[in-house]
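A short write-up of the structure that comes next.
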2 protein chains.
Amino acid sequence: MPTKSRTGAARTPPTRELLLDAAERLFGEQGYSATSLRQLTAAAGTNLAAVNYHFGGKQGLCKAVLARRIAPINAERFRRLDRLRRRPGLEAIVRAFLEPPLRATGCAGGVPCTSPAARLCRLFGRISVEQPAFLRDFVAEQFGLIARRFAAEFARLATRPGRGLDRASRWWRMHFVVGAMAHTLQSADSLAALSDGQCNPDDVDQMTEELVAFAVGGLRAAACRRAPPRARGEARR
Amino acid sequence: MPTKSRTGAARTPPTRELLLDAAERLFGEQGYSATSLRQLTAAAGTNLAAVNYHFGGKQGLCKAVLARRIAPINAERFRRLDRLRRRPGLEAIVRAFLEPPLRATGCAGGVPCTSPAARLCRLFGRISVEQPAFLRDFVAEQFGLIARRFAAEFARLATRPGRGLDRASRWWRMHFVVGAMAHTLQSADSLAALSDGQCNPDDVDQMTEELVAFAVGGLRAAACRRAPPRARGEARR
DNA sequence: CAGCACCTGGAACGATCGTTTGAAACGCGC
DNA sequence: GCGCGTTTCAAACGATCGTTCCAGGTGCTG
């Protein structure tokens, strides 16, 4: 952690970064449990013991990988929210939430970006679902703040007359947005296969626009409760 | 060792079922890689070797666990779709897709249902994201049929005048629905914590209604085209 | 009874896991 | 040069992994 080689243009990436990059890729591709430290260090071109030296173990490495990405993304989210404080706009809020993770595809912080949108994305989606017990608190802490902030922004919007979402409904729907995002980040490839190539998982722009439109539409949908929405069919229950 | 003569009456759960139940719970709670066969067989009260005898190995057990649940769910989906063939209705289609997995919470096939909605749900969400390489083809086969069927139903709706979703957009949005569902199934608990208990993950009814409303709203959202309100440059596809 | 197919039991296999160790190699002030 | 903290390396640690083996139990058929 002593930042000493900051001055000279580091021609050789330090071991720490090599490990973080390899871990980010492999954890994202295979998951945390399924990735062994030997495979990881081999991919990083470092020694096996380096993981324990720099990060104290596999769990520490995992936390470091997440922290390196999540922190800037959430900071960017807060920045965007603060900037548009005067103009509510549901879509703007949704974009402030979705675009940073979708677009911060590793090209942001000077980190090499081998595949345009795949790396961080996969890791992100992975972790949000795999959730090993040891970092339950960690992710809760990382995402709790931003989630509450968005809940507050969403609540301010929802108080408009005519939109009758209660607090629980708002939470549910934010959760759905997170799920759509995570699943998209993680397994867009399978969609490409399913759609016979009509969906290009590397087209981050289209993906973003579709997801934003979908999320806004879903968040905007009227409250459901058990009142039949329209005079339409829907003869269930 | 004290093996009471159990067979004969066909009332006692055979080893196969014990293993499937335990695997369903543990794979769902911890993931596939993170669950060891020793932990699993201990929880099931069976011998370690039984896994390899009945299922040929850990992978075979995993496939069997999935197949036992997915097949009836997809059958139910097809049944519902066939039944409402004359009446389109986006919401009805969405319900035909979402309700079987949400409600078939293990109470369907005579399987014990300890926790009302948690068990199968978690497994379902897990697998749809963890996706070990060895069952890539398996899940693609299991979900491919139903996905294409829903895509077809959705496409028939989308041809109505005024709704300009192209094929790629429709695929994307179906993918988002799957993501919202999977994430909800898998980690509704964390939502309960985030929302300070305002969302009850065991309230399958409310969850279903919220998810249906959200999905319908998202699917119904207008095509996004290009040029979001915020000028962000970035050419689209 | 014997014969046999089916299932279960405990014990062990080889492989691989995450982690630790101790010494060698480096960087840098003196 | 020497001393010292930092980093890397090869090798090994004990634990645990999925799997295999085989004797023993069970229920059916004759």
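Below, chains carry the letters A, B, ... as their sequence lines are ordered, and counting in each starts from 1.
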Seminar exercise, completed: Ordered by number, residues from residues 34-51 of chain B within less than 4.0 Å of DNA chain C (heavy atoms) are B/R38, B/N47, B/A49
Please output the side-chain donor-acceptor pairs of residues 40-49 of chain B that fall under 3.5 Å, not counting sequence neighbours, one pair per line with the distance.
unit_1: B/T41; atom_1: OG1; unit_2: B/L37; atom_2: O; d: 2.7
unit_1: B/T41; atom_1: OG1; unit_2: B/R38; atom_2: O; d: 3.2
unit_1: B/N47; atom_1: OD1; unit_2: B/A49; atom_2: N; d: 2.8

Exercise. What's the OH-P distance between B/Y53 and D/dC22, to the nearest Å?
Worked result: 17 Å
Seminar exercise, completed: With sequence neighbours left out, the residues meeting salt bridge (charged side-chain N to carboxylate O under 4.0 Å, His left out) with B/D196 are A/R148
For this session: Check the distance between C/dC17's P and A/Q59's CD and give it to me in whole angstrom.
Result: 17 Å
Seminar exercise, completed: Side-chain atoms of A/N52 come closest, of D/dT8, C/dT8, C/dT19, to C/dT19
Problem set entry | Side-chain heavy atoms of B/L135 within contact of B/Q59, under 4.5 Å | no
Problem set entry | Residue pairs fulfilling salt bridge (charged side-chain N to carboxylate O under 4.0 Å, His left out) with at least one residue in residues 40-65 of chain A, sequence neighbours excluded | none
Seminar exercise, completed: Side-chain contact check for B/K58: nearest option of D/dT19, D/dT8, C/dT8 is D/dT19
Exercise. Rounded to the Å, how far apart are B/F55 CZ and C/dC7 P?
Worked result: 11 Å
For this session: Please check the phosphate of D/dT8 (OP1 and OP2 only) for any side-chain N or O of A/H54 closer than 4.0 Å.
Result: yes
For residues 171-179 of chain B, run the donor-acceptor check on the side chains, cut-off 3.5 Å, and write out each pair with its distance to 0.1 Å, sequence neighbours left out.
unit_1: B/R173; atom_1: NE; unit_2: A/E210; atom_2: OE1; d: 3.1
unit_1: B/R173; atom_1: NH1; unit_2: B/G218; atom_2: O; d: 3.3
unit_1: B/R173; atom_1: NH1; unit_2: B/A221; atom_2: O; d: 2.7
unit_1: B/R173; atom_1: NH2; unit_2: A/E210; atom_2: OE1; d: 3.4
unit_1: B/R173; atom_1: NH2; unit_2: B/A222; atom_2: O; d: 3.2
unit_1: B/H175; atom_1: NE2; unit_2: A/S187; atom_2: O; d: 3.2

Problem set entry | Pairs flagged by ring-ring contact (aromatic ring centres under 6.0 Å, His included) wherever residues 15-49 of chain A is involved - sequence neighbours left out | A/F27-A/Y32, A/Y32-A/F134
